[in-house]
Amino acid sequence: MLDNLARTILQTAWHYLVVVGVFTALWLWWRFRPGRRRRLQAKAVGIPQIRREVLTSIVSIVVLGSVMPVAFALGLGRHAHFYQSVHAYGRGWGFIAAVVMLMILIQDTWFYWTHRLMHHRRLFRWAHRTHHLSTNTSPWSTYSISPLEAVIDSGASIVILLLLPVTFWSLFIFTWLNTIFAVYTHLGYELFPRALSRHWLGRWINTSTAHNTHHARGRYNYGWYFLFWDRMMGTLSPDYDEHYRKAGFLAAEAKSR
């Protein structure tokens, strides 16, 4: 088990460091060579914040990388539907794509409702306060979470393994997509085009703008990949569409109005 634990922690760290490294390079480029993109918040992210985020990320990576090996050691493997081969379940790559989409939907639903729960005043201090110390986000804010929140977030993967026929490749694709989208939403800059929120499909997609507003205000916009739940449950920031169309809105100023 210890070998599996160490391997999973190293894989988690590797995925994160590759993605966060790419986004940090982009973040630094826009910070020191501003062009068409500008910060979503006027205030800059300082070195003390980055140092804190890196240190808390080390702890959360260890926890995130430990949950699944521990769960399997406790018997999850007897109930999980995991297949090494893409053809082991009797399907092909089209089926894998469908499974990945279902994994994304489960992840988004799990995150929305647990995220809202962690904002409850009796849980916030213990579960989610660490993440919200970053009122303005950087790529390193992504895994700057408490150990308890890391365990809660990992619950989505357990639910996925219990409900879906997961292959090595569907898990591989999902893991990279999950990490990339998580870091993108904490980038502090917007990557999607200005017209996204006016498109019939784009209005349901979560953005860096939406999540940055969540950090700036400490409320609204609880989703991960999508805005389905936020729009249906009335938790989307009321001025989100207007903010997004301003391409680099100043969330901190919006908060004070």
Side-chain angles (χ1 to χ4, degrees), residues 13-58 60-61 111 115 130-145 175-199 201-227 230 236-237 239-257:
W14 164 248
H15 288 152
Y16 185 59
L17 289 174
V18 169
V19 175
V20 82
V22 172
F23 277 102
T24 298
L26 183 61
W27 181 76
L28 289 170
W29 174 263
W30 277 338
R31 181 175 182 178
F32 296 109
R33 296 287 299 273
R36 297 179 61 185
R37 307 281 179 173
R38 60 191 179 116
R39 293 194 300 266
L40 294 175
Q41 293 192 40
K43 61 180 180 179
V45 174
I47 296 299
Q49 175 179 329
I50 298 293
R51 184 186 303 116
R52 171 180 52 78
E53 291 173 344
V54 170
L55 291 175
T56 52
S57 294
I58 293 172
S60 65
I61 285 171
F111 183 78
H115 191 185
T130 298
H131 192 54
H132 273 275
L133 291 175
S134 302
T135 55
N136 187 18
T137 57
S138 77
W140 292 96
S141 306
T142 312
Y143 278 7
S144 181
I145 57 179
T175 299
W176 281 101
L177 286 177
N178 226 29
T179 307
I180 290 169
F181 206 85
V183 178
Y184 151 70
T185 57
H186 291 87
L187 181 59
Y189 291 87
E190 187 53 71
L191 296 182
F192 287 142
R194 184 191 297 266
L196 181 78
S197 66
R198 296 195 298 270
H199 190 273
L201 180 60
R203 69 188 303 270
W204 300 102
I205 297 175
N206 193 21
T207 62
S208 184
T209 300
H211 197 67
N212 191 270
T213 304
H214 174 78
H215 276 264
R217 301 180 180 181
R219 57 187 302 193
Y220 299 125
N221 310 344
Y222 296 99
W224 183 300
Y225 285 101
F226 306 111
L227 299 177
D230 279 308
L236 185 69
S237 52
D239 47 3
Y240 166 70
D241 292 321
E242 176 189 355
H243 278 164
Y244 185 85
R245 287 192 291 269
K246 292 181 179 178
F249 76 101
L250 303 181
E253 291 181 3
K255 178 183 177 182
S256 64
R257 286 204 297 265

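Note that the numbering runs from 1 along the sequence shown for the chain. Just the heavy atoms: all of them, side chains too, but no hydrogens, waters or symmetry mates, feed the values below.
- Put simply, the side chain of T56 does not reach to within 4.5 Å of the side chain of L133, judged on heavy atoms.
- Taking each heavy atom of G223 and D230 in turn, the nearest pair found is N-OD2, 3.0 Å.
- For the pair S144 (side chain) and S141 (backbone), a donor-acceptor distance under 3.5 Å is absent.
- Between the side chains of Y189 and N212, no donor N or O sits under 3.5 Å from an acceptor N or O.
- Side chains of V19 and Y184 form no contact here, defined as non-hydrogen atoms less than 4.5 Å apart.
- Separating the OG atom in S208 from the CZ atom in F192 is a distance of 9.5 Å, to the nearest 0.5 Å.
- The backbone N or O of V45 sits less than 3.5 Å from a side-chain atom of R31, completing a donor-acceptor pair.
- Considering only heavy atoms from C-beta on, F23 comes within 4.5 Å of L191 through its side chain.
- Minimum interatomic distance between N136 and A44 (heavy atoms only, all atoms of both residues): ND2-C, 4.4 Å.
- In this structure the side chain of T137 never reaches within 4.5 angstrom of the side chain of L187, judged on heavy atoms.
- The distance from the OG atom of S197 to the CG atom of D241 is 5.0 Å, given to the nearest 0.5 Å.
- Side-chain contact of T207 with Y240: a donor-acceptor pair under 3.5 Å is present, judged by distance alone.
- Listed here is the closest heavy atom pair of A216 and Q41: CB-NE2, 3.4 Å.
- We find the CD1-CD1 distance between I145 and I61 to be 9.5 Å, quoted to the nearest 0.5 Å.
- Checked options F181, W224, Y222; the residue passing with F111 is W224 (criterion: ring-ring contact (aromatic ring centres under 6.0 Å, His included)).
- Scanning both residues, T175 and H15, for their nearest heavy atoms gives CG2-ND1, 3.3 Å.
- With 3.5 Å as the limit, one finds a donor-acceptor pair spanning the side chains of W140 and T24.
- Judged purely by atom type and a 3.5 angstrom limit, N221 uses its side chain to pair as donor or acceptor with the backbone of S237.
- Enclosure of atom CH2 in W14 is not indicated, since only 12 or fewer non-hydrogen atoms of other residues, nucleotides or ligands lie within 6.0 angstrom.
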* CA sep, side-chain torsions, deciding dist, call: Y143, V183, side chain to side chain contact (heavy atoms under 4.5 Å, CB included) -> CA-CA 9 Å; Y143 278 7; V183 178; over 6 Å; no
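- Exactly one of H243, H214, E190, R245 qualifies for a side-chain hydrogen bond (donor to acceptor under 3.5 Å, both in side chains) with T209. That residue is E190.
- The heavy-atom pair separating P139 from V20 by the smallest distance is O-CG2, 3.5 Å.
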* Test S134 against R52 for side chain to side chain contact (heavy atoms under 4.5 Å, CB included), laying out the working first. => CA-CA 9 Å; S134 302; R52 171 180 52 78; 3.3 Å; yes
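- Y16 places a side-chain heavy atom less than 4.5 Å from the side chain of T179.
- A donor-acceptor contact closer than 3.5 angstrom links the side chains of S138 and E53.
- Looking at H215, R217, H211 one by one, the single match for side chain to side chain contact (heavy atoms under 4.5 Å, CB included) with T213 turns out to be R217.
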